[in-house]
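Every chain is numbered from 1 and lettered A, B, ... according to where its sequence line falls, protein lines coming before strand lines. Here the structure is a predicted model, which means the values were calculated and not measured.
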Protein chains: 2
Amino acid sequence: MNEIFSLLEKNKLSRTPCRIEVLKTLKLAGSALSEAEIREKIGDHFDRTTVYRTLRSFLKEDVIHSISLDGGGVRYALSPHKEVAHSSHHVHFFCNDCNSVYCISHQAFETPELPKGFMAESFDLLIQGSCRKCKK
Amino acid sequence: MNEIFSLLEKNKLSRTPCRIEVLKTLKLAGSALSEAEIREKIGDHFDRTTVYRTLRSFLKEDVIHSISLDGGGVRYALSPHKEVAHSSHHVHFFCNDCNSVYCISHQAFETPELPKGFMAESFDLLIQGSCRKCKK
DNA sequence: ATTAAATTTGCAACAAGGTTGCAAATATTT
DNA sequence: AAATATTTGCAACCTTGTTGCAAATTTAAT
C-alpha cells in the first residue's frame with residue numbers, strides 16, 4: 001500500500017481514490033488488464049470516464065504502459081521499474097487459451113535488418129501461444 | 001488485373017465489385033491501409049459494412065492479414081505469397097512521421113527466451129521509427 | 001483550521017471502429 | 001432461364017475512448 005502512495009508521489013499525481021484502486025488492481029493482477037477488466041475488478045465504483053482519465057495520467061508518467069493486441073484490444077499494465085524501462089525493446093505474451101497478457105520485458109532480443117533508409121526507434125514483440133497455466 | 005481474378009478464384013471467393021476494388025486498392029497502395037483509408041481511396045462506392053465483410057472474408061482465406069498498431073489502430077495488407085507466409089514470424093514497420101505501415105515479412109529474427117512453461121506459436125514484431133521517405 | 005485555487009470526478013453526449021439481422025440485389029449452379 | 005446460394009445496403013447496435021461542463025474533492029496558502 002505504501003508502494004502505491006510513493007508511486008503516486010514520485011510522479012506528482014494526487015492521491016485520489018480512483019488512482020489508488022486502479023494501481024492496486026493492476027498490481028494484484030500480475031497480468032495486463034483491459035479498462036473493462038479493471039473496472040470490473042474494482043467493482044463499479046468509478047465512472048468509465050474517470051478510469052480512462054486515470055489510465056491516461058498513468059501512461060503519461062510511465063507508471064503504466066499499454067499493449068495493443070492482435071485483433072484490436074488494448075491492455076494496461078504497470079511499467080517495470082525505471083532502470084529497466086524505456087529500453088525500447090518490449091516483449092509481451094498473449095495466451096490464446098485464457099487471453100491473459102504477460103509482460104516479458106526482461107530480456108532483449110535480436111532485431112532483424114531493415115531495408116535501406118529505415119530507422120528504428122522502438123521494437124514491440126507480441127508472442128502468442130499457451131501460457132504456463134494453460135499448457136496441457 | 002488478372003492477378004486479382006486469380007487470387008479470388010484460388011481462394012474460392014466470388015468475383016464481386018467490392019472485392020475487386022478492395023484488392024486493387026491494397027495492391028496499388030504498397031503499404032497497409034485502415035478500413036477508412038481503403039474506403040476513401042475507392043471513393044465511397046460501398047457501404048462500410050460491406051467493406052468490413054470483404055476484409056473478413058479475405059482474412060479468413062489469408063488473402064490479407066491485419067496489423068494492430070500501438071495505440072489501437074488496425075491496418076490491412078495483402079499477404080505475402082503462400083510459400084513465404086505462415087512462417088509465424090511477422091515484422092511490420094510503422095513510420096511515426098507519415099503513419100505508413102510496411103510489411104517486412106522477409107527475414108526472420110531471433111526470438112527471446114520465454115519463462116518456463118510458456119509455449120510460443122507466433123511472433124509479431126512491430127518496429128516504430130522513420131521510413132525511408134521521412135528520414136531527414 | 002479555513003479559505004482559495006487547482007485537480008479530479010460524474011454525467012451526458014459524441015466519435016471511430018466494428019458487428020448483426022434482415023430484405024433486396026446480385027452471382028452461381030442446374 | 002429458373003432456382004439456389006452469396007453478397008449488398010441499411011438501420012441498429014456494441015465497445016473503446018474522448019470532450020465539455022458543473023459539482024465535488026484535493027492540495028496549497030493563509
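Listed nucleotides D:dG9, C:dT8, D:dT19 differ in distance to A:S14; the shortest reach to its side chain belongs to C:dT8. Side chain of B:T54, nearest nucleotide from C:dG18, D:dT27, D:dT8: D:dT8. Closest to the A:T50 side chain, of the nucleotides D:dT27, C:dT9, D:dT16, is C:dT9. Taking every side-chain heavy atom of A:R19 into account, C:dT8 is the closest of C:dT8, C:dG21, C:dA12. Considering only the side chain of B:T16, D:dT7 comes nearest among C:dG18, D:dT7, D:dT18.
Where B:E35 and A:K12 each meet DNA chain C at their nearest nucleotide, the meeting point lying more 5' is that of A:K12. Mapping A:L13 and B:T49 onto DNA chain C by nearest heavy atom places A:L13 closer to the 5' end of the strand. The residue among B:R48 and B:C18 whose nearest nucleotide of DNA chain D is located toward the 5' end is B:C18.
Between the CD atom of A:E61 and the P atom of C:dT8 there is a distance of 10 Å, rounded to whole Å. One can place CG of B:D47 at 17 Å from P of C:dA24, the figure rounded to the nearest angstrom. One interatomic measurement links the two molecules: CZ of B:F5 to P of C:dA27, which rounds to 12 Å at whole-angstrom precision. Rounded to whole angstrom, the span from the OH atom of A:Y52 across to the P atom of D:dG17 amounts to 4 Å. Regarding B:L59, its CG atom lies at a distance of 14 Å from the C1' atom of C:dG17, rounded to whole Å. C:dG17 atom C1' lies 13 Å from atom CG of B:L69, rounded to whole Å. Going from atom OH of B:Y76 over to atom C1' of C:dG17 covers 8 Å, rounded to whole Å. C:dG18 atom P lies 10 Å from atom CD1 of B:I38, rounded to whole Å.
Using a cutoff of 4.0 Å between basic side-chain nitrogens and carboxylate oxygens, A:R15 and A:E9 are scored as salt-bridged. Between A:E35 and A:R39, at least one side-chain N (NZ, or NE/NH1/NH2) sits under 4.0 Å from a carboxylate O, which counts as a salt bridge. Electrostatic pairing of B:E61 and B:K10 does not count as a salt bridge here, judged by no charged N lying under 4.0 Å from a carboxylate O.
When heavy atoms are screened at a 4.0 angstrom cut-off, A:R15 is found touching the sugar-phosphate backbone but no base atom.
Checked by distance alone, B:R53 brings no side-chain donor or acceptor within 3.5 Å of a matching partner on the base of C:dG18.
Interatomic distance, A:S68 OG to B:D124 CG, rounded to the nearest 0.5 Å: 12.0 Å.
Regarding contacts with the backbone of C:dT8, every side-chain N or O of A:R56 stays at 4.0 angstrom or more from both OP1 and OP2.
Judged purely by distance below 3.5 Å, without hydrogens or angles, the side chains of B:S14 and B:R19 pair a donor atom with an acceptor atom.
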